[in-house]
> 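Quick one: this structure, given as structure tokens, is what I'll be asking you about.
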Amino acid sequence: DIDGVGHKYCLELELEDVLDKDRTVSCTAEVLYPLGSKTSAPDVQVTVQGELRSTEEADQEFYNRIRSLEKELVAENIPDSHGNVPPELEPIHLLASVASGYVIWQNSTENTKFHLAQVKHVKQVKRSDEDLQFDFVVLLHEMVSQEVLPWELTLLWHPQRGARVSRD
Amino acid sequence: DQVLHIVPETFQQVQHLRLLCNTLMLDLWKPLLPEDIRAGADLHTRVPAPLVQEVKDSLDEHMISYRVLIPDVQKLVDQSMPRDRSSHRQVSGDYVYTEYHPMEEIYQWMTQIQRNSELVTQHFLGKTFENRTMYYLQISQPSNKPKKIIWMDCGIHAREWISPAFCQWFVKEILQNYKTDPKISRFLQNLDLYVLPVLNIDGYIYSWEQDRLWRKNRSPYENGTCYGTDLNRNFNSSWGSIGVSFNCSSDVFCGYGPESEPETRAVAEFIKSKKSDILCYLTIHSYGQFILTPYGSTTQPPSNNEELMQVAKEAAAALTGKYGTSYRVGSTALILYSNSGSSRDWAHTIGIPFCYTFELRDTGTHGFVLPANQIQPTCEETM
């Protein structure tokens with residue numbers, strides 16, 4: 001409890017690589033939820049102890065594949081009702097998770113628990129610069145209210161520059 | 001069968017292709033008729049497997065270049081069509097427990113299971129809002145001594161597909177192994193199992209046909225502008241007090257009064273009628289990986305909390321022992337969130353000693369849309 005400021009949580013976490021379950025990395029984090037009713041995102045400081053696996057090759061391959069598509073990528077319902085994701089859409093699903101993570105962070109309080117439930121829709125938008133752009137509609141499930149909230153967001157991604165969310 | 005892409009260049013080639021199509025009766029996909037074959041225009045034709053080599057040889061002979069557009073037509077057909085649901089599902093021995101099934105198939109499965117087993121009988125429980133019949137299965141070994149009952153219901157929330165999948169798996173496991181597994185046969189000597197595979201049938205169907213993430217039932221409110229009560233907020237246990245909404249558009253709308261919903265009443269009336277014999281009430285949900293004990297509406301522990309917790313902890317340990325999946329154990333109010341009107345709380349308040357809510361896999365990675373390939377491990381560990 002930090003008087004006049006908010007509630008601070010000190011965490012020790014283990015990150016598990018979604019694509020390589022045996023691979024874990026420890027990290028520590030401090031999360032500060034601000035007091036008051038104004039909705040501002042919690043402040044998060046993270047230190048990763050150890051190295052994250054290099055994904056340069058896969059990133060470049062994905063980047064090249066999308067750049068060389070004749071028609072912009074469009075897809076719906078990832079995963080489908082039975083939980084399946086076609087292999088070529090896996091990276092899109094992962095990017096959606098990342099983008100959702102940002103939105104979840106920006107909208108979290110001590111009384112919310114969000115997860116990405118499903119990607120309702122994704123549309124690639126071709127750009128004149130080097131970034132890939134994906135416009136998503138994601139469905140976020142909030143545990144306490146049990147609501148499923150649709151959220152529109154735009155993600156820019158580049159193999160070296162990484163992911164950035166720009167709001168609609 | 002293959003589909004070839006050909007672009008004839010000369011009139012001779014066009015003529016030859018027309019001849020080929022007509023004499024071999026090839027299935028022209030583009031253009032529609034041999035007469036419409038033109039030099040410079042795309043030609044797509046399906047060639048039956050036994051003729052493929054002959055056709056290719058003939059094209060080579062006439063210096064007509066071609067490309068294989070589809071190397072295996074059957075494979076493409078199989079991939080793009082939903083599995084033929086009707087023919088395989090006759091006998092429960094062929095029933096695929098590692099897939100999610102629509103309600104139609106679950107109804108058929110119940111009929112089959114009852115037909116094939118001397119232990120199982122199907123019973124009418126009630127009707128849903130949309131007038132569908134709710135059935136439970138009674139698994140009972142004939143005996144002259146009275147037996148206590150374990151009740152388990154699945155699918156109170158439409159989108160939690162792994163839950164009905166588990167109920168079906170559970171029934172299958174019991175019936176397949178009761179003669180050979182000493183634990184199960186001892187169980188059945190002393191206990192009857194009552195299983196309701198899908199409680200919220202209307203909602204479940206809606207999640208297959210319209211909205212995969214639907215949760216509630218399908219009662220209309222406000223002149224049909226708003227649908228659904230959260231059945232797990234609709235029971236008569238501190239109804240409407242906490243963790244609910246009185247707004248129909250909310251996913252935790254508790255209805256206009258306790259037991260306002262036909263599905264709730266069907267379950268409640270039955271359980272009330274048998275309550276002195278029911279030892280254990282189980283209700284299966286997803287997701288989160290919890291074994292939850294009463295209560296949700298208050299952090300006051302139930303009278304038999306120690307025993308409830310001890311059994312739950314042992315269950316969680318056994319579950320983890322299978323595949324390492326970790327489950328948390330505790331009262332809903334303490335480890336999850338506050339809610340009122342839950343079926344589990346209600347069951348305990350009317351005197352059923354052991355009441356648990358199971359929240360099955362996973363913890364959020366897939367959430368409600370758990371891939372079918374996790375049905376087996378989830379069910380095995382939960383057994």
Side-chain angles (χ1 to χ4, degrees), chain A residues 13-24 75-90 92-98 100-101 103-105 108-122 137-151, chain B residues 79 82-83 98-102 157-162 165 204 207-216 228 230 232-233 242-245 247 249-254 285-288 290 324 332 335-339 359 361-375 378:
Chain A
L13 303 168
E14 210 163 80
L15 300 180
E16 180 189 76
D17 189 338
V18 167
L19 297 177
D20 181 2
K21 297 284 171 134
D22 295 326
R23 219 186 161 94
T24 60
E76 301 196 314
N77 294 338
I78 309 170
D80 66 18
S81 287
H82 295 246
N84 301 314
V85 178
E88 66 275 11
L89 290 180
E90 268 293 344
I92 303 290
H93 191 213
L94 293 170
L95 284 178
S97 298
V98 167
S100 303
V103 169
I104 291 172
W105 167 33
S108 286
T109 70
E110 284 161 287
N111 298 308
T112 59
K113 189 163 148 75
F114 285 101
H115 290 112
L116 170 63
Q118 195 183 35
V119 178
K120 195 73 197 146
H121 190 81
V122 59
V137 175
V138 294
L139 298 175
L140 300 179
H141 171 235
E142 201 286 296
M143 194 60 95
V144 178
S145 64
Q146 285 296 322
E147 297 296 334
V148 172
L149 306 161
W151 212 286
Chain B
Q79 273 171 18
R83 293 261 310 279
T98 50
E99 273 176 18
Y100 294 115
H101 291 271
H157 288 140
R159 58 196 180 198
E160 298 167 10
W161 285 16
I162 186 67
Y204 185 68
S207 75
W208 270 78
E209 296 178 351
Q210 303 284 357
D211 181 354
R212 175 62 175 83
L213 295 173
W214 188 257
R215 169 183 167 88
K216 305 182 288 178
D230 182 344
N232 205 33
R233 302 285 186 278
I242 192 172
V244 296
S245 167
N247 192 330
S249 47
S250 163
D251 260 329
V252 291
F253 173 55
C254 54
H285 292 240
S286 79
Y287 55 93
F290 297 106
T332 302
I335 67 171
L336 193 55
Y337 47 55
S338 297
N339 66 5
E359 295 275 357
R361 291 197 191 178
D362 58 16
T363 52
T365 311
H366 296 95
F368 300 118
V369 199
L370 193 69
N373 62 17
Q374 285 203 37
I375 296 179
T378 306

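Letters A, B, ... mirror the listed sequences (proteins, then strands); counts begin at 1.
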> Applying side-chain contact (heavy atoms from CB on, under 4.5 Å) to B:Leu213 and A:Leu139, what does each step give before you reach the verdict?
CA-CA 9 Å; B:Leu213 295 173; A:Leu139 298 175; 3.4 Å; yes
> Within the structure provided, determine whether B:Leu370 and B:Tyr100 are in side-chain contact (heavy-atom separation under 4.5 Å).
yes
> Output the option from A:His141, A:Met143, A:Gln146 having the highest count of non-hydrogen pairs under 4.5 Å with chain B.
A:Gln146
> Please look at A:Asp80 and chain B and tell me whether the side chain, the backbone, both or neither of the residue comes under 4.5 angstrom of a heavy atom of that chain.
backbone
> Check the side chains of B:Asn247 and B:Ser249 for a donor-acceptor pair under 3.5 angstrom, ignoring hydrogens and angles.
yes
> Name the region of A:Ser81, side chain, backbone, both or neither, that has any atom closer than 4.5 Å to a heavy atom of chain B.
both
> Of the backbone (N, CA, C, O) and the side chain (C-beta and beyond), which part of B:Ser245 lies under 4.5 Å from a heavy atom of chain A, both, or neither?
neither
> Are the ring centres of B:Tyr287 and A:His115 closer than 6.0 Å?
yes
> In terms of heavy-atom pairs under 4.5 Å, which option from B:Thr365, B:Thr363, B:Asp230 contacts chain A the most?
B:Thr363
> If you round to the nearest 0.5 Å, how far is CH2 of B:Trp161 from CZ of B:Arg212?
4.5 Å
